[in-house]
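Just so you know, residue 1 is the first one in the sequence shown, and it goes up from there.
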Amino acid sequence: MGSIIFKTIVGIIAGVAVWAMVEPFKPNTLDFNSAQWLGFEAIMTTGWAIALGATVGFLNGYSRGSRTHALREMALGMLFAVIGLSIGKGLGIGFVKLINLPIAGIAGRVGAFTCIGLGMGAGIGYCTFVVRRGIQGAIGGAIGGFAAGMLFDLVGNIFGSMILSAQGVTPGQVGEIGAPGRAITAALMCGAIALMIGIVEALSKSAWLRLELGRNEGKEWVLDKPVMALGRHERADIPLFGDANIAPNHAIIQKQGGQYVVVDQGSPIGIGVNGARVSQHVLQSNDVIQLGSVNLRFITKNVKAPARGPEPGRAQAFPIGGQAPVQPGPAMQPQMPIGQPVFDPTVAVPAQPSFAPTQMQAPMVAAPTLVAIDGPLIGQRFPVTMPLELGRESQQVPLAFDSSASRRHTRIEAQGPMVNVTDLGSTNGTFINGQRVTNGIAKSGDIIKVGATSFRIES
């Protein structure tokens with residue numbers, strides 16, 4: 001919502017700025033059908049189109065995380081806004097003829113402004129060559145133009161007497177009082193186009209990606225094209241920077257019917273979904289896609305991310321080589337010491353002699369193992385028979401290639417079939433199943449992420 005409001009405010013400022021620059025050059029004649037007035041109005045509306053197309057296009061491109069996108073969409077926004085304005089004027093030419101008529105003047109102005117707004121909005125929305133965005137922009141522009149047309153005469157009448165007085169026009173004389181109306185029109189039309197483009201886009205998006213780990217965390221990309229490219233290239237639909245391991249054209253997301261499929265494009269380190277390396281995968285809501293050190297969550301509308309509880313066994317002490325303690329439930333009965341008789345008071349039998357407790361040997365538990373599931377180490381196994389330290393300077397688990405890992409990143413120690421994971425003050429953090437931890441317990445099947453590399457625990 002914050003980005004929508006910001007975009008609206010920028011749209012209003014752009015429209016009012018154009019009005020402030022052009023208004024001082026309005027003609028002195030009151031013949032509103034003269035060439036001077038027609039030229040003045042053409043300059044004003046063209047200025048609105050250029051300013052709004054540039055600002056909204058730049059903000060939309062910048063929100064994708066790439067300077068190339070921002071500059072490209074700013075230029076295309078200006079061009080398509082001017083083209084849309086010309087089309088809108090053509091659609092509203094019939095309404096323009098009604099403006100100077102006594103009864104139909106308001107209807108003519110409303111109709112003309114609605115068509116102009118519709119054309120401008122459609123052009124700005126379509127500058128990304130996505131039809132749906134063009135429709136969103138057309139809806140926003142039409143609403144803005146309609147509101148501006150309705151308020152133009154009202155605002156002019158409210159401020160008319162003050163304007164005439166300031167111009168030194170005596171009662172009974174005729175003067176031009178359209179300046180406040182034009183200012184309101186500029187603010188309403190430009191602001192409403194920006195507002196409605198944002199609102200309709202937010203309401204109509206059905207699937208998108210949210211950046212959860214990596215540069216620009218929290219950024220979102222709506223999946224509104226049949227095919228969207230992910231990679232380090234400036235012109236990728238979803239540009240991902242800050243990790244040299246990500247290829248320029250790393251993966252794509254294709255829409256196939258009602259499903260979305262992520263497909264690796266032959267990248268050197270591959271892609272992962274929920275910690276498992278895949279070549280392609282049909283995405284389900286809340287799946288996490290890993291590309292190098294970047295995590296992207298796939299989200300569909302009306303489906304929330306699953307709530308995670310505390311890590312199993314956290315804050316419990318387990319003996320090395322022993323079994324995890326079993327938590328008694330309501331159906332569990334107290335266990336008698338091994339070798340002791342069970343006394344039943346309902347059975348009258350002589351007491352049996354006690355037996356000495358049998359000395360039990362603690363079962364041997366195999367050491368847990370770290371298995372790399374992505375990156376250059378994929379497939380390599382690292383048994384946790386002693387405390388392991390992971391990082392770029394580690395000799396036990398070589399991560400010198402991983403620029404996202406700190407020199408001393410994480411310490412891992414076996415606790416029975418589980419491992420205790422301790423972050424060593426790393427820059428990018430340590431994660432268990434996508435949850436950042438400073439200290440936690442990981443069990444068999446859990447995924448530990450250190451820098452750009454993920455490891456699965458196997459017992």
Side-chain angles (χ1 to χ4, degrees), residues 3-23 39-92 112-149 182-202 204 222 224-225 235 237:
S3 62
I4 295 176
I5 294 174
F6 179 72
K7 190 180 294 184
T8 303
I9 294 173
V10 171
I12 292 173
I13 293 173
V16 173
V18 171
W19 169 82
M21 290 186 290
V22 178
E23 183 67 27
F40 171 75
E41 291 174 352
I43 293 173
M44 179 77 77
T45 54
T46 302
W48 292 344
I50 292 174
L52 188 60
T55 53
V56 174
F58 181 86
L59 291 176
N60 284 342
Y62 185 76
S63 69
R64 299 175 189 272
S66 167
R67 181 173 54 188
T68 299
H69 281 92
L71 297 177
R72 177 175 177 269
E73 292 191 25
M74 180 178 72
L76 290 175
M78 290 189 291
L79 174 62
F80 278 79
V82 172
I83 294 173
L85 172 66
S86 301
I87 295 173
K89 284 184 175 181
L91 294 175
F113 282 6
T114 299
C115 291
I116 289 174
L118 184 149
M120 288 172 53
I124 294 171
Y126 189 67
C127 73
T128 56
F129 303 102
V130 178
V131 174
R132 188 171 70 176
R133 289 190 180 181
I135 296 173
Q136 294 166 2
I139 294 172
I143 293 174
F146 178 85
R182 286 188 289 273
I184 293 296
T185 298
L188 279 176
M189 186 174 295
C190 295
I193 291 173
L195 172 66
M196 292 307 299
I197 288 176
I199 289 178
V200 176
E201 178 179 313
S204 62
V222 178
D224 54 6
K225 292 183 179 180
R235 297 185 63 182
D237 297 300

Quiz item: How long is the gap from CE on M120 to SG on C190, to the nearest 0.5 Å?
Solution: 5.0 Å
Quiz item: Where is the tightest heavy-atom contact between A187 and V16, given as atom of each residue plus distance?
Solution: CB-CG2, 3.8 Å
All N/O donor-acceptor pairs, side-chain side in residues 82-89, below 3.5 Å, sequence neighbours left out:
from, atom 1, to, atom 2, distance (Å)
S86, OG, V82, O, 3.2
K89, NZ, T45, OG1, 3.1

Exercise. Before giving the answer on side chain to side chain contact (heavy atoms under 4.5 Å, CB included), spell out for F6 and L59 the whole-Å C-alpha distance, their side-chain angles and the decisive distance to 0.1 Å.
Key: CA-CA 10 Å; F6 179 72; L59 291 176; 3.8 Å; yes
Quiz item: Which heavy atom of A194 sits nearest a heavy atom of V56, and at what distance?
Solution: CB-CG2, 4.0 Å
Quiz prompt | For F40, side-chain contact (heavy atoms from CB on, under 4.5 Å) partners two or more places apart | solution = V22, E23, K26, P27, W37, M44, R182
Exercise. Supply the atom-to-atom distance T46 OG1 to M78 CE, rounded to the nearest 0.5 angstrom.
Key: 13.5 Å
Self-check item: Distance (rounded to the nearest 0.5 Å) between I12 CD1 and L195 CG
Solution: 8.5 Å
Quiz prompt | I43 CD1 to I50 CD1 distance, which is reported to the nearest 0.5 Å | solution = 10.5 Å
Quiz item: Is there side-chain contact between L76 and F80, with heavy atoms separated by less than 4.5 Å?
Solution: yes
Exercise. Would you name the heavy atoms of A81 and A49 that are closest together and state the gap between them?
Key: CB-O, 3.3 Å
Quiz item: How far does OH of Y126 sit from CD1 of I135, to the nearest 0.5 angstrom?
Solution: 10.5 Å
Practice problem: Quick one: pull up CG in L52 and NZ in K7 and give me the separation to the nearest 0.5 Å. | Solution: 10.5 Å
Quiz item: Between A186 and W19, what is the shortest heavy-atom contact and its length?
Solution: CB-CB, 4.1 Å
